[in-house]
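Read through the structure below, which is laid out as structure tokens, and then see the notes.
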Amino acid sequence: MRAAVIRKYGPLENITLEELPIPETADDEVLVAVRASSITFSNLALIIGKPLIVRLAGFGVFKPKYKIPGSDIAGRVEKVGRKVKKFKPGDEVYGDLADMKRGGFAEFVSVPETAIAIKPANQSFEEAAAVPESAHVALQAIRDHAKVKPEEEVLVIGACGGIGSFAVQFAKYYQANVTGLCSKGNFELAHSLGATRVIDYKRENFSRLNRQFDSIIACVGNYSIYDYRRALKPRGRLVITGGSMKQLLQCALLGPILSRKYNKGFHNMLVKPNVDLNFIRQLIESGHIRSLIDKCYRLTEIESAFRHYKGSHSRGKVIISIKT
């Protein structure tokens with residue numbers, strides 16, 4: 001099989017295509033013929049080895065622990081182990097391998113059956129590959145951490161990005177009034193996702209608008225925690241899913257103090273992968289949620305795909321299409 005392989009940290013040129021054996025399938029595993037995967041920040045970090053904290057978090061201190069990146073996958077079941085009960089050959093599936101061995105940037109990958117679910121019937125493999133990690137982060141941020149309720153005011157920072165586009169849709173699904181922070185060129189798109197108001201982050205500081213929010217979902221950004229404090233209502237909740245290291249560290253270090261002092265919640269978020277795949281599939285099939293794809297690349301163009309992801313503010317997800 002063809003696979004994108006990384007053997008040492010460094011520039012994006014280090015990722016190369018190699019011919020490798022198709023992985024063996026254990027008794028409790030499923031062999032998936034991967035048809036599409038998506039680029040995520042964690043996979044970029046696995047290639048370049050930055051920020052350095054990711055090496056200490058399990059990626060490998062001196063060299064990558066996982067030789068084949070790729071976590072979001074969508075594909076077709078080729079073979080199942082003898083203990084597998086949920087799937088059969090031919091099933092179309094999707095899932096997130098981020099807390100496992102990864103391996104999604106390859107023509108085949110063996111995964112535990114708990115890592116996948118039947119993909120949405122009304123989505124292509126490319127559309128389904130855009131879903132697992134980003135939709136889980138967004139859903140759990142909105143539902144479990146911010147605990148969004150009907151008619152609450154929710155601000156989504158990065159409303160048209162990979163996670164933010166889902167966060168807007170989930171907030172709308174839970175009947176919130178959604179404000180999206182994005183560039184002016186994305187206003188129409190943000191409205192189509194469910195935002196009732198939009199703010200141009202290049203022209204206005206959301207914390208100086210004399211408007212406060214019940215919840216803020218920060219999917220990107222480099223804002224001060226004090227900007228977020230000003231923009232939150234009493235007992236408001238900030239949930240940070242991404243953004244600059246400064247933003248994440250400020251929340252980790254100062255969040256507990258400010259939470260007690262101001263009776264507001266300041267939290268960084270860790271996702272629980274794959275637990276909501278079936279629920280998300282139902283929402284997609286019923287038309288409540290859709291994928292947003294910025295651009296598709298072939299596996300042979302994976303270096304260019306990462307350069308595009310790294311160098312631009314993507315409108316949705318960057319997809320790797322894998323033909324087997």
Side-chain angles (χ1 to χ4, degrees), residues 38-46 48-57 59 71 98 133-142 144-146 148 154-168 170-171 178-183 186 190 193 195 198-209 213 215-232 236-259 264-271 292 294 306 308-318:
S38 74
I39 290 181
T40 65
F41 174 78
S42 66
N43 286 293
L44 174 63
L46 178 59
I48 64 177
K50 297 178 181 178
L52 293 177
I53 193 171
V54 302
R55 302 192 188 194
L56 302 175
F59 279 22
S71 43
E133 181 180 279
S134 292
H136 269 80
V137 172
L139 173 61
Q140 291 170 25
I142 292 291
D144 303 335
H145 293 267
V148 169
V154 176
L155 172 66
V156 177
I157 310 289
C160 295
I163 296 172
S165 58
F166 283 112
V168 170
F170 282 121
V178 188
T179 298
L181 187 72
C182 57
S183 64
N186 285 334
L193 294 169
V198 286
I199 300 171
D200 183 352
Y201 77 94
K202 294 181 179 180
R203 299 186 61 184
E204 297 181 289
N205 185 329
F206 67 88
S207 71
R208 304 288 183 180
L209 295 179
F213 302 89
S215 298
I216 300 175
I217 312 299
C219 306
V220 296
N222 187 34
Y223 295 101
S224 165
I225 197 169
Y226 297 103
D227 288 331
Y228 291 122
R229 178 181 64 81
R230 283 193 297 270
L232 283 173
R237 291 89 59 189
L238 167 69
V239 182
I240 295 182
T241 71
S244 70
M245 188 56 61
K246 167 193 164 185
Q247 177 168 280
L248 293 165
L249 286 175
Q250 271 199 344
C251 189
L253 297 174
L254 298 178
I257 299 171
L258 297 182
S259 294
K264 301 177 181 182
F266 300 86
H267 307 286
N268 287 331
M269 179 191 151
L270 291 176
V271 67
L292 184 61
D294 180 75
F306 270 100
H308 174 73
Y309 173 84
K310 186 179 179 183
S312 67
H313 294 286
S314 301
R315 291 160 53 105
K317 300 288 289 187
V318 178

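All residue numbers in this chain count up from 1 along the given sequence. None of these values were measured; they are calculated from a predicted model.
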CG on Asn222 to CE on Met245, rounded to 0.5 Å: 11.5 Å
Ring-ring centroid check Phe41 Tyr309, cutoff 6.0 Å: no
Side-chain donor or acceptor of Arg315 paired with backbone N/O of Asn186 under 3.5 Å: no
Leu253, CG atom: more than 12 neighbouring heavy atoms under 6.0 Å: yes
For Gln247 against Ala218, the heavy-atom pair lying closest together: NE2-CB, 4.0 Å
Nearest atoms (heavy-atom pairs only) where Phe170 meets Ala135: CE1-O, 3.4 Å
Backbone N/O of Gly316 and side chain of Asp294: donor-acceptor pair under 3.5 Å: no
Rounded distance [0.5 Å steps], CG in Asp144 versus CG in Leu139: 6.5 Å
Side-chain touch Val271/Met269, heavy atoms, less than 4.5 angstrom: yes
Centroid separation Phe206 to Tyr228 less than 6.0 Å: yes
Nearest-0.5 Å distance that lies between atom CD1 in Ile217 and atom CG in Leu181: 13.0 Å
Modelled atom types, side-chain donor and acceptor of Ser71 and Asn43, under 3.5 Å: yes
Distance-only donor-acceptor check, side chains Ser183 and Lys202, under 3.5 Å: no
Which residues share a side chain to side chain donor-acceptor pair (under 3.5 Å) with Thr179, sequence neighbours left out: none
pair Ile142-Phe166: side-chain heavy atoms closer than 4.5 Å: no
Any residue meeting salt bridge (charged side-chain N to carboxylate O under 4.0 Å, His left out) with Asp227, in chain and number order, not counting sequence neighbours: Arg230
Full working for side chain to side chain contact (heavy atoms under 4.5 Å, CB included) between Arg229 and Ser207: CA-CA 8 Å; Arg229 178 181 64 81; Ser207 71; over 6 Å; no
Interatomic spacing from NZ in Lys50 to CZ in Phe59 - rounded to 0.5 Å: 15.5 Å
Spacing of Thr241 atom OG1 and Glu133 atom CD [to the nearest 0.5 Å]: 10.0 Å
Heavy-atom pair with the smallest gap, counting every atom of Ser134 and Gly162: CB-O, 3.4 Å
Verdict with reasoning, Phe266 to Ile225, per side chain to side chain contact (heavy atoms under 4.5 Å, CB included): CA-CA 8 Å; Phe266 300 86; Ile225 197 169; 3.8 Å; yes
Val154 backbone acceptor or donor facing Ser215 side chain under 3.5 Å: no
Minimum-distance pair of heavy atoms, taken over all atoms of Pro256 and Ala252: CD-O, 3.5 Å
Test side chain to side chain contact (heavy atoms under 4.5 Å, CB included) applied to Ile216 and Arg237, step by step: CA-CA 6 Å; Ile216 300 175; Arg237 291 89 59 189; over 6 Å; no
Lys310 vs Leu44 side-chain heavy atoms within contact, under 4.5 Å: yes
Point-to-point distance, once rounded to the nearest 0.5 Å, from CD1 of Ile240 to SG of Cys251: 4.0 Å
Closest approach of Ala159 to Gly180 (non-hydrogen atoms, all atoms of both residues): CB-CA, 3.6 Å
Distance-minimising heavy-atom pair for Leu232 and Gly265: CD1-O, 4.2 Å
Side-chain donor or acceptor of Lys317 paired with backbone N/O of Leu292 under 3.5 Å: no
Sub-4.5 Å side-chain heavy-atom contact between Val220 and Ile157: yes
Side chain to side chain contact (heavy atoms under 4.5 Å, CB included) evaluation trace for Val318 with Phe306: CA-CA 8 Å; Val318 178; Phe306 270 100; over 6 Å; no
Check: Lys264 and Leu258 side chains under 4.5 Å, non-hydrogen atoms: no
NZ (Lys246) with more than 12 external heavy atoms under 6.0 Å: yes
